[in-house]
Every structure is written in C-alpha cells, then in structure tokens.
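Please read all numbers here as calculations on a predicted model, not as lab measurements.
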Amino acid sequence: MNVENLAHSAEEVAPKLLGAVLTHVTREGTVSITITETEAYSGTADPASHAYRGRTSRNAVMFGPAGHMYVYRSHGLHWCANIVTGTDGIASAVLIRAGRVIEGEDLARKRRGAQVETPRLARGPGNFCQALGVTAEHNGTDLLTSASVALSDGEPVPAALIRVGPRVGVSKAHDWQHRFYLAGDPTVSAYRLSPRAKPSAGA
C-alpha cells in the first residue's frame, strides 16, 4: 500500500481498501485485521461528514495527507478509525466499519470479551478499534510509515464480491451509496437505518 493508492476521492478508495490489512503492534502482542466493510465520507461536500462545516481542531487530520488515521469517539463510547484519502488540504476519509481478525485472535478476544463469537470480534467500527487496540492516541498516525499501526495490501478481492449500499446509522445523506462490503462475509455489520434519517439528494 502506498500514498498513490490513497490519493483519490473517498468513494474511489473505499472499495479498494476491502481486503487490505490493518496491523497494530503493542507490548501485549500483534493484531492484524483484514478490512471487509468501509464507508466513504467526502468532507465539505458530504452532509454526513465531520468536515462538512469546515476545519476544526477535532477533524483537522481529515484535511491532512492521505494515509493518516483519523480517530474519533462515537456517542462518547467507542473509538472509530478512518483512513484519510485524497489531496492534502481537502477533507476526505474512509471509515473502517468491519474486518476479519487474521492474526492475534487471542489478544483481540481479550480486548473484546471471552464470549464474543469470532466473526463479531471486529464487526462494527467501534468493535474494530477495540479489537485492534486503537484509541485517541493513534489519531494522526501515518499508516504508511508507522512501526506500530500500519496499513498493508492483503489478498486481492474479486470485483464480483464487492457490494455497494447506503451508509449505516447516519441521519444525513444516509441514502448515498457510499458503503462497500464483501458479499456473504459473516464479519460485515448489519444494515441499520437511523430513525432520524430523511430522504436526501444522492451523490
């Protein structure tokens, strides 16, 4: 994986991240997760994006170079990880929604809970970060150069396995077809329409 792969719009990069691998090396051990579900967020052009109203101290990483990690807290409970894409200075990022643990399952299970079923270890953006051990301290990490949290190529994903649909749980621009996932993969999260969602113009 290199910056050229990520220096495009979030909608272009999001399906290409399926099959890529995020790895986190810690004192506890190493966990690697293959990405199976993503969502694209198009910055100031996207009403559902954190960057829709412009740059702030919270979303500044989204405006930075492609390949950096933007981490935020959802509903005050869960950390969520995004991979910044596009051009430096223009906000664009891909939310990592779900994945399959391919290394360090015991450590991922320790973080998530002994009773959690294997396909659910990294299903959902909050669970993905918990299994990987990603928190606020990793906000801004360069995933292409870091020795701790790194993004790498995985096995190529056949185009026939990629599905596209509306984003999960957002109230604005929820019907934009910016969610990408692997068909039939048990690690992919279930679709959920926000009760506050209203019809919007497509992208």
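Rounding to the nearest 0.5 angstrom, the gap separating the OG1 atom in Thr38 from the CZ atom in Phe180 is 6.5 Å. In this structure, CG in Asn2 is found 12.0 Å from OG in Ser152, a value given to the nearest 0.5 Å.
No donor-acceptor pair under 3.5 Å is formed between the side chain of Arg109 and the backbone N or O of Leu121. Checked by atom type and distance alone, the side chain of Ser9 pairs as donor or acceptor with a backbone atom of Glu12 at under 3.5 Å. Between the side chain of Arg163 and the backbone N or O of Ala160 there is at least one donor-acceptor pair closer than 3.5 Å.
Ser146 and Thr141 share no side-chain donor-acceptor pair at under 3.5 Å. A side-chain donor-acceptor contact under 3.5 Å links Arg97 and Ser189. Using modelled atom types and a 3.5 Å distance limit, the side chains of Thr30 and Glu103 yield no donor-acceptor pair.
Sequence neighbours left out, the pairs with a member in residues 176-188 that pass salt bridge (Lys or Arg N to Asp or Glu O under 4.0 Å) are Glu37-Arg179, Arg100-Asp185. Listed by first and then second residue, the salt bridge (Lys or Arg N to Asp or Glu O under 4.0 Å) pairs that reach into residues 19-34 are Glu28-Lys110, Glu28-Arg111, sequence neighbours excluded.
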Item to check | Leu6 vs Ile83, side-chain contact (heavy atoms from CB on, under 4.5 Å): CA-CA, chis, key distance, verdict | outcome: CA-CA 9 Å; Leu6 304 174; Ile83 297 173; 4.3 Å; yes
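Using a 4.5 Å heavy-atom threshold, the side chains of His138 and Tyr70 count as separate.
The residues Asp46 and Arg167 are annotated as salt-bridged, a charged nitrogen and a carboxylate oxygen being separated by less than 4.0 angstrom.
Looking at every heavy atom in both residues, Gln177 comes nearest to Val164 through O-CG1, 3.5 Å. Smallest separation of non-hydrogen atoms from Cys80 and Gly126: SG-N, 4.4 Å. When all heavy atoms are compared, the tightest approach of His8 to Asn5 is CD2-O, 3.7 Å. Among all heavy-atom pairs drawn from Phe63 and Asp88, the shortest one is O-OD1, 3.2 Å. Minimum heavy-atom separation, Ala93 to Ala10: O-CB, 3.5 Å.
Ring centers of Tyr72 and His50: under 6.0 Å apart, within the cut-off.
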